Colleague: 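The structure is given below, and queries will be raised subsequently.
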Amino acid sequence: MSKTSSISIPVLFDHQAFSRDLIVWYEKQKRNLPWRDNQDPYRIWVSEIMLQQTQVDTVIPYFKHFMNRYPTVYDLAQADEQDVLKAWEGLGYYSRARNLHEAVKEVVATYGGEVPGDKKELKKLKGVGSYTQGAILSIAFDQAEPAVDGNVMRVMSRVLMIDEDIAKPKTKTVFEDVIRDIMSQDNPSSYNQGLMELGALICQPKNPKCDECPVQTHCEAYAQGVQTDLPVKSKAKKQKEETYVALVLRGADGRYLIEKRPDNGLLANLWQFPLFSQSEFDETSLINHFETQYGASITITSRPGRVKHVYSHVIWHVDIIVAELNEAKPLDYEGEWIDLNTLSTYPLPNVQQKVLEKLSVN
DNA sequence: AACGCGGGGGA
DNA sequence: TCCCCAGCGTT
């Protein structure tokens, strides 16, 4: 016996009426967002990358600035990665920016600067997964492909009474298969965006506004009064905590030492005051380390405090040590000596902004 | 399938 | 606090 889909659509579900009601509502109620000005595939693409795991209101100013600075694929393809990261500074998930930059260069090199409207070619681009692929195809190219994100899984788990764990990867493919079969063929753009808009404005995680919902009559969870029990989602595990020491080192000429983070992992290619794991370096061993490793004498001048920063998978505690370098000879440390007022030209992660604020307050 | 990857909004 | 957000790449 062959493996069948693990869900079944409610018998009375009328997908055509659902589609019609959804699209009519969307066309009337949709928000005026900057990436809805036109169907420029590059513009849609940038917006979809920025919107990954990031709320609309957060994205708007970044999107406007980014499109102003890089209006076409050619502008972005020619940019330096450091400048692209600077434009992304504060938005988070910086690999999105690096992948988008790489992918845009690929589009210029391989596709003559035209964002491909082909399903397989689109998916090959760095940073384009199944959701973004479907979003670009439907919104920019009017192709009937599903674009299943968190909103869509929440909405459709309620409408169709699907109680599979949406935290599991397989569940998304289930939704994609179902939606591909039932979605509007005439207006996939408004269908997909309508589902997401509905999830954002009406069918919210807590306290869904069912009395305002345009598809209430189609919703099986509402009919059974279990809409707040869906979707089913297993809990993420708690973050680990890590402690670091940030060294704000002032050279004899009054400049400060900063370093570039590695080109992979957390905050890749962003800049920071030299950062040490506290399990390796406490206050005194840091002084010894500079003595033995670099033959440099440093003197701690202040301890302005500690910064806490929460990531999705780890919590950082960063102790700040301000010190002076006691010699004029150059330090063989992988980094740059800069005036503090030029620090703003480097892409800095938020945790380093917090360190900087601590310095100016004290 | 599980994990690493930012930062912020809202209850 | 906790959950969630127009997810993707790597392992």
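Every heavy atom of this structure was used, including side-chain atoms; hydrogens, water molecules and symmetry mates were not. Below, chain A is the first sequence line, B the second, and so on; all start at residue 1. Computed from a predicted model, the values in this text were never measured in an experiment.
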Colleague: Does the side chain of A/Gln133 come under 3.5 Å of the side chain of A/Glu145 through a donor N or O and an acceptor N or O?
Modeller: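 The criterion, which ignores hydrogens and geometry beyond distance, is not satisfied for A/Glu145 and A/Gln133.
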Colleague: Should A/Lys237 be listed as having a side-chain N or O under 4.0 Å from OP1 or OP2 of B/dA2?
Modeller: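 So the side chain of A/Lys237 is outside the cut-off, no N or O lying under 4.0 Å from OP1 or OP2 of B/dA2.
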Colleague: Ignoring backbone atoms, test whether A/His309 places a side-chain nitrogen or oxygen under 4.0 Å from the OP1 or OP2 oxygen of B/dG6.
Modeller: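 Looking at the OP1 and OP2 atoms of B/dG6, neither is under 4.0 Å from any side-chain N or O of A/His309.
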Colleague: Are A/Tyr311 and A/His309 close enough that their ring centers fall under 6.0 Å?
Modeller: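 Between A/His309 and A/Tyr311, which both carry aromatic rings, the centre distance is below 6.0 Å.
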Colleague: Just to confirm, is there a sub-4.0 Å distance from OP1 or OP2 of C/dC5 to any side-chain nitrogen or oxygen of A/Gln53?
Modeller: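 No, outside the criterion.
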Colleague: Map A/Gly127 and A/Leu33 onto DNA chain C by nearest heavy atom, then report which one ends up closer to the 5' terminus.
Modeller: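 With A/Gly127 and A/Leu33 compared, the 5'-side residue is A/Leu33.
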Colleague: Who is the Watson-Crick or G-U wobble partner of B/dG6, with both distances under 3.5 Å?
Modeller: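 Across all strands, not a single nucleotide pairs with B/dG6.
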Colleague: Scan A/Leu91 against the nucleic acid and name what it touches under 4.0 Å (heavy atoms): base, sugar-phosphate only, or nothing.
Modeller: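 Base, at least one base heavy atom under 4.0 Å.
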Colleague: Under 4.0 angstrom, heavy atoms only, what part of the nucleic acid is A/Lys240 near: base, sugar-phosphate, or nothing?
Modeller: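 Contact class for A/Lys240: none.
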Colleague: To the nearest angstrom, how far is A/Lys206 atom NZ from C/dT1 atom P?
Modeller: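 The answer, rounded to whole Å, is 16 Å.
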Colleague: Hey, does A/Arg261 reach any base, or is it just sugar-phosphate, or nothing, if we go heavy atoms under 4.0 Å?
Modeller: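 Touches nothing.
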Colleague: Indicate the ring-plane relationship of A/Tyr244 and A/Trp316, choosing parallel, tilted or perpendicular according to the 30° and 60° boundaries.
Modeller: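 Rings of A/Tyr244 and A/Trp316: tilted, 30 to 60°.
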Colleague: May I have the distance from A/Glu164 (atom CD) to B/dA1 (atom P), rounded to whole angstrom?
Modeller: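 After rounding, the reported distance stands at 11 Å.
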Colleague: Just compare C/dA6, B/dC5, C/dC5 and give me whichever is closest to any side-chain atom of A/Leu266.
Modeller: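 The answer is B/dC5.
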Colleague: Is the phosphate of C/dG7, meaning OP1 or OP2, less than 4.0 Å from a side-chain N or O of A/Asn99?
Modeller: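 No, no such contact exists.
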Colleague: Examine C/dC4: is either OP1 or OP2 under 4.0 Å from a nitrogen or oxygen in the side chain of A/Arg154? Give yes or no.
Modeller: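 Looking at the OP1 and OP2 atoms of C/dC4, neither is under 4.0 Å from any side-chain N or O of A/Arg154.
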Colleague: Students often get this wrong, so: under 4.0 angstrom with heavy atoms, is A/Gly265 touching a base, only sugar-phosphate, or nothing?
Modeller: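 Sugar-phosphate, no base atom in range.
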Colleague: Taking 4.0 Å as the cut-off, does a side-chain nitrogen or oxygen of A/Lys238 come that near to OP1 or OP2 on C/dC3?
Modeller: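 Answer no for this pair, as no side-chain N or O of A/Lys238 is under 4.0 Å from OP1 or OP2.
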Colleague: Please find out if less than 6.0 Å separates the ring center of A/Phe66 from that of A/Tyr62.
Modeller: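 Between A/Tyr62 and A/Phe66, which both carry aromatic rings, the centre distance is not below 6.0 Å.
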Colleague: Counting the atoms with a prime plus P, OP1 and OP2 as sugar-phosphate, which does A/Val152 contact under 4.0 Å by heavy atoms, base, sugar-phosphate, or nothing?
Modeller: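 Nothing, no heavy atom under 4.0 Å.
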Colleague: Considering only C/dA6, C/dC8, B/dG6, which nucleotide approaches the side chain of A/Tyr311 most closely?
Modeller: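 The nucleotide sitting nearest to the side chain is B/dG6.
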Colleague: Say you draw a straight line from CG of A/Leu125 to OH of A/Tyr111; how long is it, rounded to the nearest 0.5 Å?
Modeller: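 Going from CG on A/Leu125 over to OH on A/Tyr111, the span is 6.0 Å.
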Colleague: Identify whether any heavy atom of A/Ser130 sits under 4.0 Å from a base atom; if not, whether one sits that close to sugar-phosphate; answer base, sugar-phosphate or nothing.
Modeller: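 Here A/Ser130 touches the backbone only, sparing every base.
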Colleague: Could you tell me how far apart A/Met153 (CE) and C/dC4 (C1') are, to the nearest whole angstrom?
Modeller: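 Computing the A/Met153:CE to C/dC4:C1' distance gives 12 Å.
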Colleague: Step by step, work out the ring-ring contact (aromatic ring centres under 6.0 Å, His included) result for A/Tyr256 and A/Trp337.
Modeller: CA-CA 5 Å; A/Tyr256 288 84; A/Trp337 293 91; 8.4 Å; no
Colleague: Would you indicate, yes or no, if B/dG7 has its OP1 or OP2 atom less than 4.0 angstrom from a side-chain nitrogen or oxygen of A/Tyr94?
Modeller: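 The answer is yes; a side-chain N or O of A/Tyr94 sits under 4.0 Å from OP1 or OP2.
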Colleague: Taking only the side-chain nitrogens and oxygens of A/Ser312, find out if one of them lies under 4.0 Å from OP1 or OP2 of B/dG4.
Modeller: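 For A/Ser312, the contact criterion (side-chain N or O under 4.0 Å from OP1 or OP2 of B/dG4) is not met.
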Colleague: Between A/His313 and B/dC3, is there a contact of a side-chain N or O with OP1 or OP2 at under 4.0 Å?
Modeller: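 Negative; the distance criterion is not met.
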Colleague: Assuming nearest nucleotide by heavy-atom distance, tell me which of A/Gln193 and A/Lys126 is located more 5' along DNA chain C.
Modeller: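 The 5'-side residue here is A/Gln193.
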Colleague: Within the 4.0 Å heavy-atom criterion, would you say A/Trp35 contacts the bases, only the backbone, or no part of the nucleic acid?
Modeller: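 Base contact.
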Colleague: Under 4.0 Å between any heavy atoms, over every strand shown, what does A/Ser95 touch: base, sugar-phosphate, or nothing? Just pick one.
Modeller: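 Since no nucleic acid heavy atom lies under 4.0 Å of A/Ser95, the category is nothing.
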Colleague: Aromatic ring centroids of A/Trp35 and A/Phe63 under 6.0 Å?
Modeller: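 So the answer is yes for these two rings.
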Colleague: Expressed in angstrom and rounded to an integer, what is the separation of A/Gln352 atom CD from B/dG6 atom P?
Modeller: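 My rounded result for the distance is 14 Å.
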Colleague: Is it the case that B/dG7 (base atoms only) and A/Thr58 (side chain only) share a donor and an acceptor within less than 3.5 Å, ignoring hydrogens and angles?
Modeller: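 Flag unset: no donor-acceptor pair detected.
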Colleague: Within the structure shown, what part of the strands sits under 4.0 Å from A/Tyr93 by heavy-atom distance: base, sugar-phosphate, or nothing?
Modeller: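 Contact class for A/Tyr93: base.
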